[in-house]
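Some notes on the structure that comes next.
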Amino acid sequence: MADFFFQPKRYLITSALPYANGPLHIGHLAGAYLASDAYTRYLRLMGKEVVHVCGSDEHGAAITIRARKEGVSPQEIVDRYHALIKETFERLGVSFDIYHRTSAPIHHETSQEFFRNLYQKGEFVEQETMQYFDEEAGQFLADRYIMGTCPTCGNEEAYGDQCEKCGSTLSPEELINPRSTLTGSTPVLKPTKHWFLPLDKYAEWLKHWINTGELNGLQLHEPADWKNHVVGQCNSWLDAGLHPRSMTRDLDWGVDVPPEIPGAEGKKLYVWMDAPIGYVSATKAWAADHGKDWKIYWQDPETQLVHFIGKDNIVFHCLIFPAILNAHGDYVLPKNVPANQFMNLEGKKLSTSKGWAVWVHEYLDDFPGREDVLRYTIVKNMPEQRDSEFTWKSFQDANNNELVGNLANFINRVLVLTHKFYQGEVPAFDPDEGFTGAFDPDWPSYHDSEMLLMFDHLQEVSRALREFEFREALKRIMELSSMGNSILQYNEPWKTINDDPESVKVVINFSLQVVAALSVVVRPFLPFTSDKMRTMLNMEPIKESGELVRMLDDLAEGLPLLAAGHYVEKPEHLFTRIDDKVIQEQVDKLNQPETTLTENEFSGEPVKENIDYDLFSKMDIRTGTILKAGYVPKADKLLELEVDLGFEKRTIVSGIAQHYKPEEIVGKAVLVLANLSPRKLRGIVSNGMILTAEDAEGNLVFVQPATAVSPGSTVK
RNA sequence: GGCGUGGUAGCUCAGCCGGUUAGAGCGCAGGAUUCAUAAUCCUGAGGUCGGGAGUUCAAGUCUCCCCCACGCUACCA
């Protein structure tokens with residue numbers, strides 16, 4: 001491990017690009033950004049050369065669909081959220097060297113260069129298919145942008161991928177009288193080409209590289225250093241067999257396929273091709289601003305590349321992006337991808353669409369000056385190996401018991417005593433004077449031996465940070481503070497100051513050394529606190545340029561961190577208690593999600609186009625009673641039902657298995673779309689459809705008649 | 001359903017290649033203390049290590065089966 005760490009000449013750290021269609025919530029911080037920030041700050045404190053890049057991911061279908069819904073341009077959407085996200089990171093003290101965006105011209109150029117390179121090398125597999133083209137709009141139409149008459153049921157509003165009425169899965173060419181939803185014109189079939197990355201061809205070296213760290217005979221990383229769930233997830237994909245994946249889409253928002261390539265017209269890069277390349281373009285933009293050569297960060301084997309991501313991105317960062325980088329040929333591969341798992345909130349999954357989240361920008365508004373409290377709580381509960389949980393109660397406890405009671409209190413005690421006894425000057429002491437140390441209170445200790453023990457402890461903090469064990473590092477930092485409290489307690493300088501003033505000098509001097517060490521080592525996690533501590537200690541602010549490695553060197557040589565006679569300021573409270581009322585307000589706020597949303601956030605599903613009564617009258621909806629219910633084998637979401645419609649009994653397969661148990665729905669009244677064309681689901685012919693409504697939590701519930709009606713009654 | 005990861009004290013988690021009476025923090029109980037933001041320090045209670053079977057002189061740690069959570073994936077008209 002150590003070998004791999006100390007060899008590289010420089011580090012390139014990337015954090016997952018946030019998707020610019022919503023604000024940041026605490027899950028994002030827990031998944032990637034506080035880990036990457038802590039790691040980057042740590043590397044800087046160790047005097048390493050490091051660049052940390054991030055930026056907004058501004059392409060992809062979700063953004064166009066949202067823009068369409070709100071009636072604004074995609075650019076407006078991404079501008080809004082890019083600005084909000086960037087500002088939120090700054091306010092929280094996440095220290096990217098650059099926060100870029102994928103709509104920037106340099107990103108489009110960079111992505112195109114990648115595509116062009118792979119194209120010219122013949123890496124892509126080209127596949128031509130016939131697709132509908134809107135001549136008025138001048139573009140190929142995604143399946144969803146085509147409507148027409150369903151060949152199965154005659155529904156005139158069927159989409160190119162499926163008919164919402166009868167449920168048939170369609171391809172656009174099957175539609176009768178197809179029309180473009182963009183212009184209403186009749187589209188024509190034209191040949192279109194897409195370029196596939198043949199992942200199947202790369203599977204062998206990817207598997208070898210992931211599991212051994214070797215590529216082309218070179219040892220690139222140590223697989224044992226990768227997290228289990230990361231390697232496991234990769235092998236899961238590899239064992240299932242990789243398939244060629246299209247790197248292009250027929251869309252109107254995104255990076256153009258390089259125009260000189262035949263058939264490029266109207267084609268955009270697949271968002272998962274362009275997004276990781278965003279790391280490269282961000283690095284270029286940073287290098288241009290700082291007079292550096294971006295290439296050494298991506299193309300020199302002595303650069304160590306680390307991707308910080310959440311577990312949902314593992315396959316892209318460990319398989320697809322490395323495949324792209326390797327196919328290009330000039331690029332280094334990631335040394336590690338320390339993906340975190342997910343953080344839940346008060347027992348439930350975070351969800352942007354359900355509004356179940358703590359929005360970071362709102363936190364910063366509600367808790368001014370408490371940036372580090374959120375940082376602390378999230379790192380303390382970081383989902384490093386498994387999913388974890390954020391609760392407001394644990395947030396309050398961490399603040400009141402650990403930050404106030406342990407850390408802030410220790411520092412305050414030491415500085416207060418220094419002023420009380422020595423007018424704020426670090427006391428000189430007799431090195432032969434003993435006192436009670438924290439590590440073994442039964443034996444007298446000495447200043448130099450306690451300093452060495454502290455040195456060992458700090459090295460453990462350093463090791464933990466180096467190995468991405470952020471919770472462990474934070475815990476050990478707090479232990480240091482706790483040991484400081486113990487020493488004060490054991491020696492009781494406020495008592496002994498009169499009859500044994502010499503021992504008090506040692507105790508206070510050592511305690512001040514601990515505070516000085518804390519001001520450095522706390523930095524990766526609590527940067528704002530670090531600044532405040534340095535001010536109180538009357539020390540140079542931390543610039544994150546080798547302070548930690550120098551401090552460790554000094555300690556190894558037996559040098560003090562604060563010289564005798566150095567004046568320290570009078571203390572101020574680093575953290576203050578948070579009362580129940582404030583916490584209760586946040587809990588209440590969670591339970592009224594509408595107040596936490598920005599105005600355009602959730603318009604819900606928009607009302608569909610008007611239809612005639614005629615069309616409605618074609619639907620035959622009947623009341624029914626469920627007679628039998630059972631699970632469908634090999635399907636998690638399906639229940640097979642037998643429903644009494646009065647005139648007959650039907651078999652209906654319904655996707656409600658995660659909302660209802662078979663035994664609890666027998667005998668229930670339901671509404672059934674009775675003339676929906678039969679369709680096979682998992683080998684069972686489903687003859688109709690059960691009508692359900694979705695509640696605020698996303699659960700499906702039956703729609704029923706208000707009072708009992710005999711089965712088979714029509715619904716109008 | 002397939003694959004992956006995890007399931008250890010009330011809560012959050014450590015426990016590496018199997019080896020003495022299974023650990024920490026928080027919470028709880030009792031005690032000490034007052035320099036400090038009713039903060040601190042000490043002591044204690046509390047666990048059949050998801051369940052079952054097996055390998056072994058010895059298993060939380062290895063093997064098999066099952067259960068649960070989460071992720072990816074299939075199925076959701």
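For the numbers below, each heavy atom of this structure counts, side chains included, while hydrogens, waters and symmetry mates do not. Note that the structure is a prediction, hence the values are computed from the model and not measured.
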### Task
Classify every nucleotide of nucleotides 59-64 of chain B by which part a protein heavy atom approaches to under 4.0 Å, writing B for the base, S for the sugar-phosphate alone and - for neither, in 5'-to-3' order.
------

Can you check nucleotides 9-13 of chain B for protein contacts, nitrogen or oxygen pairs under 3.5 Å, and list what you find?
from: B:U12; atom 1: O2'; to: A:R471; atom 2: NH2; distance (Å): 3.1

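- Within the 4.0 angstrom heavy-atom criterion, only backbone atoms of the sugar-phosphate kind lie near A:S482; the bases stay farther away.
- To the nearest angstrom, C1' of B:A14 lies 12 Å from CD of A:E384.
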### Summary
Each base of RNA chain B marked ( ) or [ ] if paired in-strand (Watson-Crick or G-U under 3.5 Å), | if paired to another strand and . if unpaired gives (((((((..((((.....[...)))).(((((.......))))).....(((((..]....))))))))))))....

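- Within residues 309-319 of chain A, the residues approaching RNA chain B are A:K311, by heavy-atom distance under 4.0 Å.
- With a 6.0 Å radius and a threshold of 12 heavy atoms from other residues, nucleotides or ligands, A:K207 has its NZ atom above the threshold.
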#### Entry: Under 4.0 Å protein heavy-atom contacts per nucleotide of nucleotides 28-38 of chain B, with B for base, S for backbone only and - for none
-----SSBBB-

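- A:N400 places its CG atom 8 Å from the P atom of B:A39, with the value rounded to the nearest Å.
- A:K227 comes within 4.0 angstrom of no nucleic acid atom, judged by non-hydrogen atoms across all strands.
- Residue contacts shown for A:E479 are absent, as no nucleic acid heavy atom lies under 4.0 Å away.
- Between A:E469 and A:D397, the residue whose closest nucleotide on RNA chain B is further toward the 5' end is A:E469.
- Listed by chain and residue number, A:H194, A:F196, A:T248, A:R249 satisfy the side chain to side chain contact (heavy atoms under 4.5 Å, CB included) test with A:S246 (two or more places apart in sequence, or in another chain).
- Under a cut-off of 6.0 angstrom, the local environment of CD in A:E204 is sparse, with at most 12 non-hydrogen atoms contributed by other residues, nucleotides or ligands.
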